[in-house]
Protein chains: 2
Amino acid sequence: MNLDTASEQALLDLPHSVVMIEKNKSVVREGDAVSHAWLVLKGFCVRLKYVGTGGRQIVSIHMKGDLVDLQNALLGIADHTVQTLTPCKMAKLPIRAVRQLTDTNPAIKDALWHDTLVDGSIHREWVANVGRRDAPTRVAHLLCEFALKLEAVHLGEQLDYELPMTQDQLADATGLTAVHINRVLRDLEKNGLIERITPRSVLIGDWKKLAAYGDFRSDYLHLDMAKRRAQGR
Amino acid sequence: MNLDTASEQALLDLPHSVVMIEKNKSVVREGDAVSHAWLVLKGFCVRLKYVGTGGRQIVSIHMKGDLVDLQNALLGIADHTVQTLTPCKMAKLPIRAVRQLTDTNPAIKDALWHDTLVDGSIHREWVANVGRRDAPTRVAHLLCEFALKLEAVHLGEQLDYELPMTQDQLADATGLTAVHINRVLRDLEKNGLIERITPRSVLIGDWKKLAAYGDFRSDYLHLDMAKRRAQGR
DNA sequence: CGTTTGGTTGACGAAGCTCAAAGCCGGTGG
DNA sequence: CCACCGGCTTTGAGCTTCGTCAACCAAACG
């Protein structure tokens, strides 16, 4: 999550409603006029775009503490869809109240701006990932990103977690097909880069090995530097 | 360009130096500590990332009026490289002065924040473009985006322009190879979607046809709505 | 003029896609 | 409790798109 605790609290001090949303539901649809921003309290969701031929591309994955759809809300018209992967608990914040908060509290505005800057940095890495890495590298990279993000919000061990996504959804995130994702995961396992007890579980035996294989350097996530350095990542 | 004229002027009222940079030079390198933001006054440049296997991915293309590297500057460490495509005239703005300006002038801060929001929207479209569109569609999409951006800054006709990029660079922007770009351009021409007098020139006979072929809808650029509507795009 | 840079084309190969079938697992209703 | 069902995963066979390698060409430039 790119928001600091104080800013998150300030947002939650705004009048808002808390909503439970079942899995595979669109919270916001591309093209909608948007009047609310959504803060994920629990569960996983993605932002995605549909392309002409019927395909879809997931452009980011979100979890607890992420403010999704601030982008849509501030620009007025949604340029992408927000969809849940799992049942989600979300805070629904009227964009008008958010604006008022940022206008009276420059520190919050800076924090939210910073959030959009990090968001952009992650997008750039994704462009590079889907544009220039081959399939196994691309998938390994995604697994690494997911691992670090999960750990950053204390949702699990970095080296042992459950993917909240089907192979179809992994395919939409990497620009591949579900069938190929399946084969790539099998090969990653065969090559000792991950272990899988169930299809969704990921166990990373050697972080450095997987990160090297996946061409993963965590800088673009702009997570807490000191912490990562202490852990040698 | 995503900045309004007033904000651009406010930036240029800051103490700054104007620099001429020859073509194919890196202005900022990935990993650098960054202390300046750069405003493009003339010429074309790109932002790009290198991946492990030696490849590069262009993540955005910039022209007159674009504030490149605000992202890098505000995050402190460059997560991408900025490189010129042509000789460029650029204003070099100390980030400290920019911060001071935004801290005392909320309207400017909003304008720059808006700029990063639009930047993010374009990144998302690029993820979808390289992730989920086939090569000819992808290239057509890029040609459309370029056409609209050029016209938005009055650098040329929307339907008839010169690409400031080699086919190598087009390949790096689309996640393809130069050879394949060459073939795709040939085929686009053969199919009557574009005409080319010289290798770099692009003449779009029928905008709607190319836009439909390239799965291009301009919303994500967040350009002046009224104007586009009047022109039926 | 030679050299360099970028564009063009052909032949071939590989990565990843499509189609299809089968297995697995959890949930649901009889 | 068991049978069935639907969503997800797995695997195979064949094919397409795009990449690689290599040669040649054209224009620009010193």
Side-chain angles (χ1 to χ4, degrees), chain A residues 22-25 44 51 53-57 83-87 129-142 162-191 194-202 213, chain B residues 22-25 44 51 53-58 83-87 129-142 162-191 194-202:
Chain A
E22 41 186 331
K23 80 170 186 177
N24 295 329
K25 291 292 166 210
F44 295 89
V51 301
T53 46
R56 7 181 286 165
Q57 175 69 44
Q83 209 165 91
T84 54
L85 292 175
T86 64
N129 202 39
V130 295
R132 275 284 178 249
R133 295 194 181 108
D134 64 16
T137 313
R138 210 183 288 182
V139 172
H141 191 278
L142 186 68
E162 290 288 316
L163 279 169
M165 314 171 76
T166 65
Q167 294 181 0
D168 244 311
Q169 291 160 343
L170 284 173
D172 285 337
T174 48
L176 300 166
T177 57
V179 171
H180 202 57
I181 287 284
N182 187 287
R183 299 193 221 269
V184 165
L185 287 174
R186 195 223 304 130
D187 294 348
L188 287 178
E189 182 161 30
K190 201 173 63 191
N191 294 325
I194 58 171
E195 285 172 58
R196 300 186 302 157
I197 313 301
T198 69
R200 306 275 190 102
S201 73
V202 176
Y213 185 86
Chain B
E22 43 186 330
K23 80 169 186 177
N24 295 329
K25 290 291 167 212
F44 295 89
V51 301
T53 46
R56 3 183 288 165
Q57 175 68 44
I58 290 174
Q83 209 166 92
T84 54
L85 293 174
T86 64
N129 201 40
V130 296
R132 274 285 177 248
R133 294 193 182 108
D134 63 17
T137 312
R138 211 183 288 182
V139 172
H141 191 279
L142 185 69
E162 290 287 316
L163 279 168
M165 314 171 77
T166 64
Q167 295 181 355
D168 245 310
Q169 290 159 343
L170 284 173
D172 285 337
T174 49
L176 300 166
T177 58
V179 171
H180 202 58
I181 286 284
N182 186 288
R183 300 191 160 121
V184 165
L185 287 174
R186 194 218 310 127
D187 293 348
L188 287 178
E189 182 161 30
K190 201 173 62 190
N191 294 325
I194 59 171
E195 285 173 57
R196 301 185 302 158
I197 313 302
T198 68
R200 304 276 191 102
S201 73
V202 176

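Every chain is numbered from 1 and lettered A, B, ... according to where its sequence line falls, protein lines coming before strand lines. As the structure is a computational prediction, the values presented were derived from the model and not from experiment.
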Distance, rounded to the nearest Å, where [X] contributes [atom1] and [N] contributes [atom2]:
X      : N      : atom1 : atom2 : result
A:Q167 : C:dG16 : CD    : C1'   : 16 Å
B:R133 : C:dG16 : CZ    : P     : 21 Å
B:I181 : D:dT17 : CD1   : P     : 16 Å
A:I197 : C:dC25 : CD1   : P     : 14 Å

Using 0.5 Å steps for rounding, measure from the [atom1] atom of [X] to the [atom2] atom of [Y].
X      : Y      : atom1 : atom2 : answer
B:E162 : B:F44  : CD    : CZ    : 10.5 Å
A:N182 : A:L176 : CG    : CG    : 12.0 Å
A:R132 : B:I58  : CZ    : CD1   : 9.0 Å
A:M165 : A:D172 : CE    : CG    : 8.0 Å
B:R138 : B:R133 : CZ    : CZ    : 9.5 Å

Please examine the side chains of [Y] and [X], heavy atoms only from C-beta on, and report whether any two atoms are closer than 4.5 Å.
X      : Y      : answer
A:Q169 : A:N24  : yes
B:Q57  : A:V130 : no
A:I194 : A:L185 : yes

If each of B:R186 and B:N24 is mapped to the nucleotide of DNA chain C with the nearest heavy atom, which maps nearer the 5' terminus, i.e. the 5' end? B:N24
So, is [X] close to the [N] phosphate, meaning a side-chain N or O under 4.0 Å from OP1 or OP2?
X      : N      : result
A:N182 : D:dT9  : no
B:R196 : C:dT8  : yes
B:R200 : D:dA27 : no

Within the structure shown, what part of the strands sits under 4.0 Å from B:R138 by heavy-atom distance: base, sugar-phosphate, or nothing? nothing
Would you check, one step at a time, whether the test side chain to side chain contact (heavy atoms under 4.5 Å, CB included) holds for A:V139 with A:L188? CA-CA 9 Å; A:V139 172; A:L188 287 178; 4.0 Å; yes
Can you pull every protein N or O that's under 3.5 Å from an N or O on nucleotides 12-15 of chain C?
none

Of all the choices, C:dT8, C:dT9, D:dG12, which nucleotide is nearest to the side chain of A:R183 once you look at every atom? D:dG12
Identify which nucleotide among C:dT8, C:dG6, D:dC8 has an atom closest to any side-chain atom of A:T166, counting heavy atoms from C-beta outward. D:dC8
Show your working on side chain to side chain contact (heavy atoms under 4.5 Å, CB included) between A:V202 and A:E195 and close with a plain yes or no. CA-CA 6 Å; A:V202 176; A:E195 285 172 58; over 6 Å; no
With a 4.0 Å cut-off on N to O distance, would you call A:R196 and A:E189 a salt bridge? yes
I'd like a table of atom pairs between the protein and nucleotides 28-30 of chain D - only N or O on both sides, under 3.5 Å - with the distance next to each one.
none

Does anything in residues 168-179 of chain A come within less than 4.0 Å of DNA chain C? Heavy atoms only, and list the residues if so. A:G175, A:L176, A:T177, A:V179
